**Q** 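Before I ask anything, let me first share the structure, which is written out below as C-alpha cells.
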Amino acid sequence: MTELLYQTDSYLGEFDATVTAVEGDAVALDRTAFYPGGGGQPYDMGSLTAQGATWKVAKVRKAGDVVWHQVEGTLPAIGTAVHGTLDWERRYQLMRTHTAMHILCGVIFRNYGASVTGGNMEPLRGRMDFEFETMRQELVREIEDKVNAEVAAARDVRVKILPREEAFRIPDLIRTKINLLPEGIQMVRTVEIVGLDLQADGGTHVANTREVGHIRVVDYKSKGKINKRIEVAVE
Ligand SMILES: [Zn+2]
C-alpha cells in the first residue's frame, strides 16, 4: 500500500519514496504527496527524478490502497529511490479552490438550509449543485458577499483522522451523508472550517480561509426543479 502523505500534510510539495511496483506506463510508490483525484478534486501533476533521470507525472490514480503515477519513457525499476516534485502552482490553486467549495457549501447550508448534491472543480474554477427551489440574481450576489465574508474572517481549516464510530456520532457529518461510506473504511478523514463547515473529505485544503482569495460567482443555472448550480472563480 502507499502511504498518503497529502492526507496529513497538504503543503508537502516534494518527497522521497521508493518504487514498489511497475505496471504498463505507471509506477507505484511506498509513499506519495501526489493527490490521485477524488471528491471532485483533480489529480496532481509533477515529476519524479532518480539518478539524473526525470519522469513527467502526467496522471495519478488510486487503485485500492495503491497510488499509481503515470509516466513516459523507460520506467524506473522496482526498488529505485525517487524524488517526487508536485506542480505546486496547480496543486495550490486546487487547494484554494477546494476550500472555496467547502466555504460555499457551509454558507449555503447555514444561511439557506440547502444541501449539496454534487460538485466538481479545476484549478481556480468550481461548480456546485444544491437543493434550492429558486435562485435569483440578488440571492446570488448575497451568497457571494457571505462567502467572501468567510474568507475575510480568516477561519482555520483543521484536518483530523478519526475512528469510524467516533465520526459517525458527529451530527454535521451525518448531514453530509457519512453513512454512505463503504463498510471497510475504518478511519474517516474530516476537514473542518472552524465555525462554518465540517465534512468527511479526502482532499487537500489550505490551512486558513484567508488563503483562498476572492471568490466570484461567475454563473448560476437551474438543473431541474429543486437543483440549482452555482459556478465560481477563485481570484
Ligand atoms: Zn471536499
Side-chain angles (χ1 to χ4, degrees), residues 4-12 32-45 60-62 67 86 90-112 114-132 143 146-148 150-151 153 155-162 164 167-168 170-182 185 187-213 215 217 223 227-234:
L4 310 176
L5 302 171
Y6 58 83
Q7 285 211 327
T8 48
D9 186 1
S10 291
Y11 288 83
L12 193 64
T32 191
F34 281 91
Y35 185 65
Q41 182 183 333
Y43 54 80
D44 288 327
M45 294 179 187
V60 184
R61 65 189 156 82
K62 192 161 170 276
V67 177
L86 272 60
R90 171 186 163 87
R91 154 61 92 75
Y92 190 60
Q93 287 179 348
L94 285 166
M95 284 162 62
R96 289 169 57 207
T97 310
H98 200 157
T99 303
M101 301 307 272
H102 283 216
I103 293 173
L104 184 60
C105 228
V107 163
I108 293 213
F109 184 75
R110 182 193 64 193
N111 292 80
Y112 310 98
S115 297
V116 176
T117 56
N120 215 341
M121 73 198 83
E122 52 188 279
L124 303 183
R125 199 86 176 195
R127 62 168 170 77
M128 208 155 245
D129 297 340
F130 298 93
E131 289 176 341
F132 231 107
I143 291 168
K146 286 181 164 49
V147 163
N148 283 300
E150 299 302 334
V151 172
R155 294 185 184 275
D156 281 336
V157 181
R158 289 184 195 151
V159 173
K160 283 183 191 158
I161 296 173
L162 306 170
R164 183 187 180 93
F168 272 53
I170 302 172
D172 280 355
L173 293 181
I174 296 163
R175 162 174 77 76
T176 53
K177 302 183 172 70
I178 193 176
N179 54 316
L180 298 180
L181 275 186
I185 295 177
M187 299 302 282
V188 179
R189 184 175 181 271
T190 63
V191 175
E192 177 182 25
I193 299 176
V194 178
L196 179 66
D197 185 71
L198 176 60
Q199 298 187 37
D201 193 274
T204 59
H205 290 263
V206 292
N208 188 287
T209 59
R210 82 168 84 85
E211 288 182 54
V212 170
I215 301 170
V217 176
K223 299 294 286 180
N227 264 310
K228 301 291 173 286
R229 173 169 293 176
I230 292 180
E231 292 188 30
V232 300
V234 175

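Read the numbers this way: they start at 1 and go in the same order the structure lists the ligands and their atoms. All figures in this text were calculated on a predicted structure; none of them were measured in a lab.
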**Q** Counting backbone and side-chain atoms alike, is an N, O or S atom of Cys105 positioned under 2.8 Å from the Zn ion (ligand 1)?
**A**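 Not a single backbone or side-chain N, O or S atom of Cys105 is under 2.8 Å from the Zn ion (ligand 1).
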
**Q** Could you tell me which N, O or S atom of Asp201 is nearest to the Zn ion (ligand 1)?
**A** OD2

**Q** Step by step, work out the side chain to side chain contact (heavy atoms under 4.5 Å, CB included) result for Val212 and Val234.
**A** CA-CA 7 Å; Val212 170; Val234 175; 4.2 Å; yes

**Q** Flag His102 as yes if one of its N/O/S atoms falls below 2.8 Å of the Zn ion (ligand 1), otherwise no.
**A** yes

**Q** Verify, without hydrogens or angle tests, whether Arg61 (side chain) and Gly37 (backbone) share a donor-acceptor contact under 3.5 angstrom.
**A** no

**Q** Do Ser10 and His205 pair up side chain to side chain, a donor and an acceptor below 3.5 Å, judged on atom types alone?
**A** no

**Q** Check for me whether Arg90 meets the cation-pi criterion with Tyr43, that is, NZ or CZ under 6.0 Å from the six-membered ring centre and within 45 degrees of the ring axis.
**A**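 So Arg90 does make the cation-pi contact.
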
